[in-house]
**Student:** 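Handing you a structure now.
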2 protein chains.
Amino acid sequence: MADSVPKSTRQTLDRLYDDPEDRLKSLFGLTPDDTEIEATRTVFKALSNEYRIRILEALRDGELCACEIQVVLDAPQSTVASHLRELKDAGLVNTRRQGKWTYYRIGDTAVLQLLDIADALAEETA
Amino acid sequence: MADSVPKSTRQTLDRLYDDPEDRLKSLFGLTPDDTEIEATRTVFKALSNEYRIRILEALRDGELCACEIQVVLDAPQSTVASHLRELKDAGLVNTRRQGKWTYYRIGDTAVLQLLDIADALAEETA
DNA sequence: GCCCTATACCGAGTATTATCGATTTGTATG
DNA sequence: CATACAAATCGATAATACTCGGTATAGGGC
């Protein structure tokens, strides 16, 4: 681990701290493992699109079929379908097939918590 | 509003519901206004990057200067700087300048809540 | 079987983001 | 005010994401 640290960084730490080696160790301790970060990123990425946020908001009150979501979004069928797929892949929604129709619903209320917190955060920032 | 609904949608609703006009109205009621959605999206977009998640995780324990964050991320200075700027623009971190150094800190504990919830959600999905 | 409809998938064009070397800006210190 | 250094910005290239027409798949009714 110590070998991968560039000289410039060591020099910076040398100037800043009494015990740069200790500081280096504690800094590296701040990094969680890659797979966990990647999984978290997947969730946020799925949430970082206007259409997909609209879909989740529409699903607050309960399930809707794809054709209804199309009405809410007022967008081409293929566009809506691809966003629905992304939400499903990210595990944020579940589906239920009934005849020709596919019904979508929020997979976990934690999704709504995320939306609420982000909304509040955005509002106070603005 | 009714004018913007395409014929194909009306036909779909006609087939699905007894009172398609009512259904149309309730569906449109599910859409929040554009500026709110956009603000929420900005927050999630800022969170949907590996480096930026790492930065926020590193800031859990308290503020760090940009040069220390560079050590944690092990990435070029300009790359780190652009991510820090994006986090700041999104309102997720605040800065404090002390001499040559700029210290970054989490702007609101709600940011950590978002990370925790998304992490838990990602874990249960996997 | 055929036809109609809901929805999933493909792929090419477009738009947005990320990366990072080079340069500039701000802040000390001699 | 010259030098050193932290950090911000610029700008060109690369990577990623979005859009959506066209097409394929699947279910139900005749």
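So that the names make sense, note that chain A is the first sequence line, chain B the second, and so on, each numbered from 1.
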**Student:** I'd like to compare against my own output: the B/S/- annotation of nucleotides 16-29 of chain C with a strict under-4.0 Å heavy-atom distance to protein.
**Tutor:** -SSSBBB----BS-
**Student:** Tell me: CG of A:L87 to C1' of C:dA8, nearest whole Å?
**Tutor:**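 Distance check: A:L87 CG to C:dA8 C1' gives 15 Å.
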**Student:** According to side chain to side chain donor-acceptor pair (under 3.5 Å), who are the partners of A:N94, at least two apart in sequence or on a separate chain?
**Tutor:**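 Scan of A:N94 (side chain to side chain donor-acceptor pair (under 3.5 Å), adjacent residues dropped) gives none.
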**Student:** Identify all side-chain donor-acceptor contacts of residues 79-92 of chain A below 3.5 Å with residues at least two apart in sequence or on another chain.
**Tutor:**
from	atom 1	to	atom 2	distance (Å)
A:S82	OG	A:T79	O	2.8
A:H83	ND1	A:R52	NH1	3.1
A:R85	NH1	A:D89	OD2	2.4
A:E86	OE1	A:R52	NH1	3.2
A:K88	NZ	A:T95	OG1	3.4

**Student:** Return each pair, listed once, that meets ring-ring contact (aromatic ring centres under 6.0 Å, His included) where at least one residue sits in residues 105-125 of chain B; pairs must be two or more places apart or across chains.
**Tutor:**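 Sorted pair list comes back empty.
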**Student:** For DNA chain C, list all stems, counting runs of three or more consecutive pairs where every pair is Watson-Crick or G-U wobble with both distances under 3.5 Å.
**Tutor:**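 Listed by first number, the stems are C:1-30 with D:1-30.
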**Student:** In whole angstrom, what separates B:I55's CD1 from D:dA7's P?
**Tutor:**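 That distance rounds to 13 Å.
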**Student:** What is the separation between atom CZ on A:R54 and atom P on D:dC18, rounded to the nearest whole Å?
**Tutor:**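 Between P of D:dC18 and CZ of A:R54: 15 Å.
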**Student:** Measure CG/A:L84 against C1'/C:dA8 and give the value in whole Å, please.
**Tutor:**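 From A:L84 CG to C:dA8 C1': 10 Å.
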**Student:** Rounded to the nearest 0.5 Å, what separates atom CD1 in B:I55 from atom CD1 in B:I106?
**Tutor:**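 Answer for the CD1-CD1 pair, B:I55 versus B:I106, is 10.0 Å.
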**Student:** Over all heavy atoms of both residues, which pair between A:R60 and A:E57 is shortest? Give the atoms and the distance, please.
**Tutor:**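 In this case the closest contact between A:R60 and A:E57 is NE-OE1, 2.6 Å.
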**Student:** Please work out if B:A66 contacts a base, only the sugar-phosphate, or nothing of the nucleic acid, heavy-atom cut-off 4.0 Å.
**Tutor:**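 Contact class for B:A66: sugar-phosphate only.
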**Student:** In whole Å, I'd like the distance from the CH2 atom of B:W101 to the P atom of D:dA4.
**Tutor:**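 That distance rounds to 16 Å.
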**Student:** What pairs with B:D34 under salt bridge (charged side-chain N to carboxylate O under 4.0 Å, His left out), at least two apart in sequence or on another chain?
**Tutor:**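 With neighbours one apart ignored, the set is A:R54.
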**Student:** Identify, with sequence neighbours excluded, every residue that meets side chain to side chain donor-acceptor pair (under 3.5 Å) alongside B:E36.
**Tutor:**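 Applying side chain to side chain donor-acceptor pair (under 3.5 Å) to B:E36 gives none.
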**Student:** Under 4.0 Å: is that the gap between some side-chain N or O of B:Y104 and OP1 or OP2 of D:dA8?
**Tutor:**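 So the side-chain polar atoms of B:Y104 do come within 4.0 Å of the phosphate oxygens OP1 or OP2 of D:dA8, strictly under.
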**Student:** How many whole angstroms separate atom CG of A:D74 from atom C1' of D:dT19?
**Tutor:**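 Atom CG in A:D74 sits about 15 Å away from atom C1' in D:dT19.
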**Student:** Please enumerate all residues that pass side chain to side chain donor-acceptor pair (under 3.5 Å) together with A:R105, with sequence neighbours excluded.
**Tutor:**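 Here no residue qualifies.
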**Student:** Would you kindly give the CD-to-C1' distance between B:E50 and D:dT16, to the nearest whole Å?
**Tutor:**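 One finds 15 Å between C1' of D:dT16 and CD of B:E50, rounded.
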**Student:** Would you mind reading off the distance between A:R85 atom CZ and D:dT19 atom C1', rounded to a whole angstrom?
**Tutor:**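 So the CZ-C1' distance, A:R85 to D:dT19, works out to 16 Å.
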**Student:** Going by side chain to side chain donor-acceptor pair (under 3.5 Å), name the residues that satisfy it together with A:T109, two or more places apart in sequence or in a different chain.
**Tutor:**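 Side chain to side chain donor-acceptor pair (under 3.5 Å) check on A:T109 returns nothing, list empty.
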